[in-house]
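This report refers to the structure that appears directly beneath it.
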Amino acid sequence: MSAPNKSYDPVEVEALKPEQIERMRDEALAAFAAADSLDALHEAKVAHTGPTSPLALANREIGALPPHAKADAGKRVGQARGAVNKGLAARQAELEAERDARVLVEEAVDVTLPYDRVPAGARHPLTTMMERVADVFVSMGYEIAEGPEVEAEWFNFDALNFGPDHPARQMQDTFFVQTASNSGSAAGKGADSDGESGVVLRTHTSPVQARAMLDREPPVYVVCPGRVFRTDELDATHTPVFHQIELLAVDEGLTMADLKGTLDHMVQSLFGADMKTRLRPNYFPFTEPSAEMDMLCYVCKGESVGNPDRSCRTCSSEGWIELGGCGMVNPRVLTACGVDPEKYSGFAFGFGIERMLMFRHNVEDMRDMVEGDVRFTRPFGMEI
Ligand code: PHE
C-alpha cells in the first residue's frame, strides 16, 4: 500500500483512472459471461473479485489518497465492484439454473416405469430338499462329506465289493470317462468305449462312504449329498443325472436297530412325528444284511390299504412309499477301507432326492426338474 500523500491526485494514480476502473469492470463482466461452467465462473470470480484482483488492488490505493480525492475514487471503485458482484451473482444464478435443469434431466427417475421385475433368483427345490435332509443329520452330529463326481472305478465299485463282472459296471448303467491316458489306443478308439478307462461318472454316492472311511479314523458319522449319473434316457421317471443322499455311521457296537432308529428319526423330522419306516430284505454288494427301506405314506398313513373309499394317489393305496437302500456295511468294505471289522460295525443308507421331491410335492414328470422353467421353481418359494 502506498504511503499517505497529501498532494496525491487520483487521476495520476493509473489504477484509479476512470477508464482503468471501467476496463477492470468490463473485463470482469466479460470473463463472467465467458464462463460456461460453475467451475470456470469460480476461477473468474477469484481472478476478478479476489484479494489480488485488479479492482481489489485499485481499492487498496484509495487509502493512500488525500481526503478530498478519496470519495470520488471510492465511489468509482465501489460502483465498479458493485457492478462486478451483481454480474457475478447473475451469471452464477444462470449457471446454477442450467446445472439444475441438466441434473433434472440426467438424473430423472420415471416413477411410472415398472419396477425391476427380475426376481433375485432362487435355489432349486432339489438343493433345498437335499439341504433339509442333510440338516436332519447335521443336527444329530453328522458331518457333511463330499466326493468327486468324476470318480475312480475302484471307489465306485471295487471298494464297495462289486465283483468284476457285476452287471452295474456295464455300459447300460455307467458312463465311463475317456482320460488322456486311454484316449489313443492303437485302433484309434478310446478305451472308454470298452468301459476300461478306470474312471467313471459316479453312479451313486456310496463311493463317498469309502473315501470318508479312508480319510478319518472311526467313529465316522457322515452324510453325503451329491449328484450321480447313470446311462438312462430322460423321461418322466428317469434322468441320467440325479441326486442322492448317503449316510454312513461306523462305530463300535452299531446294529441294525441303530439303523432303524436313525431312519425313523429322519422320516419323523421330515414328514411328522407319527411317521415310521419298514425294512424289506434286499441285496447290495456293499451292505450285509441289506434292505430296501419304505416309509409310511405320509398322506394316508396306511389307511388307504384295502379301503376303496379312501384311495391314496401318493402311495397308490399301498400304504408305504419306497425310499432307498440300506444295510449294515459289509465287513469286506470296512476291510478295503482300512477299518477293522472285528472292532467296528457300520450302517449305511442312500436314497434319491428326485424321487422324494416327486412324492412330497406331487411332481409327476422328472423333466420339470431339469428344464429350468421358473414356473416350476416358483411355487417352492424364493428361498435364497
Ligand atoms: N448306493 C445304493 C443305490 O444307489 C443305495 C444304498 C446306499 C444302499 C447305502 C445301501 C446302502 O442304489
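Here, residue 1 is the first one in the sequence, and each next residue gets the next number. Below, each value reflects all heavy atoms present in this structure, side chains not excepted, and no hydrogens, waters or symmetry copies. What you see is a predicted model; the values in this text were computed from it and never measured.
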Using the test side chain to side chain contact (heavy atoms under 4.5 Å, CB included), find all partners of [X] that sit at least two apart in sequence or belong to another chain.
X	result
Glu149	Arg202, Arg227, Phe229
Arg23	Gln20, Glu27
Thr255	Ala257, Asp258
Arg102	Arg99, Glu106

(message) If the condition is salt bridge (charged side-chain N to carboxylate O under 4.0 Å, His left out), which residues does Glu246 pass it with, not counting sequence neighbours?
(response) none
(message) Applying salt bridge (charged side-chain N to carboxylate O under 4.0 Å, His left out), can you list everything that pairs with Asp235, at least two apart in sequence or on another chain?
(response) none
(message) I'd like to check the ring-ring contact (aromatic ring centres under 6.0 Å, His included) partners of His361; sequence neighbours left out, ordered by chain and number.
(response) Phe380
(request) Only counting residues at least two apart or in another chain, list the ones meeting ring-ring contact (aromatic ring centres under 6.0 Å, His included) with Phe137. (result) Tyr142, Phe349
So, the side chain of [X] versus the backbone of [Y]: is there a donor-acceptor pair under 3.5 Å, distance only?
X	Y	result
Thr239	Val241	yes
Arg91	Ala35	yes
Arg280	Met293	no
Thr205	Gly226	no
Thr335	Pro331	yes
Ser290	Thr287	yes
Arg360	Leu270	yes
Thr49	Val46	no
His124	Met369	yes

(request) Test Asp294 against Leu279 for side chain to side chain contact (heavy atoms under 4.5 Å, CB included), laying out the working first. (result) CA-CA 6 Å; Asp294 298 341; Leu279 302 182; over 6 Å; no
Report the hydrophobic cluster partners of [X], with the cluster defined as I, L, V, M, F, W, Y residues connected by side-chain heavy atoms closer than 4.5 angstrom, directly or transitively.
X	result
Tyr283	none
Phe284	Phe157, Leu160, Phe162, Met213, Val220, Val222, Leu248, Val250, Phe286, Val329, Val333, Leu334, Val339, Tyr344
Phe155	Trp154, Leu214
Val228	Phe242

May I ask you to check whether over 12 heavy atoms, not counting those of [X], lie within 6.0 Å of atom [atom1]?
X	atom1	result
Glu252	CD	yes
Glu19	CD	yes
Arg216	CZ	yes
Lys276	NZ	no

(message) Using a strict threshold of under 4.0 Å (side-chain N to carboxylate O), is an ion pair present between Glu364 and Arg313?
(response) yes
Exercise: do [X] and [Y] side chains pair donor with acceptor under 3.5 Å:
X	Y	answer
Asp264	Thr277	yes
Asn330	Glu288	no
Tyr221	Asp251	yes
Thr112	Asp110	yes
Thr203	Asn156	yes

(message) Using the rule given for side chain to side chain contact (heavy atoms under 4.5 Å, CB included), can you reason through Ser311 versus Ser317, listing the C-alpha separation, both sets of side-chain angles and the distance that settles it, and then say yes or no?
(response) CA-CA 5 Å; Ser311 68; Ser317 299; 3.6 Å; yes
(request) Might you work through the side chain to side chain contact (heavy atoms under 4.5 Å, CB included) test for Leu323 and Met356, ending with a clear yes or no? (result) CA-CA 7 Å; Leu323 205 56; Met356 184 177 262; 3.9 Å; yes
(request) Report the residue from His243, Glu322, Met266 that forms a side-chain contact (heavy atoms from CB on, under 4.5 Å) with Phe351. (result) Met266
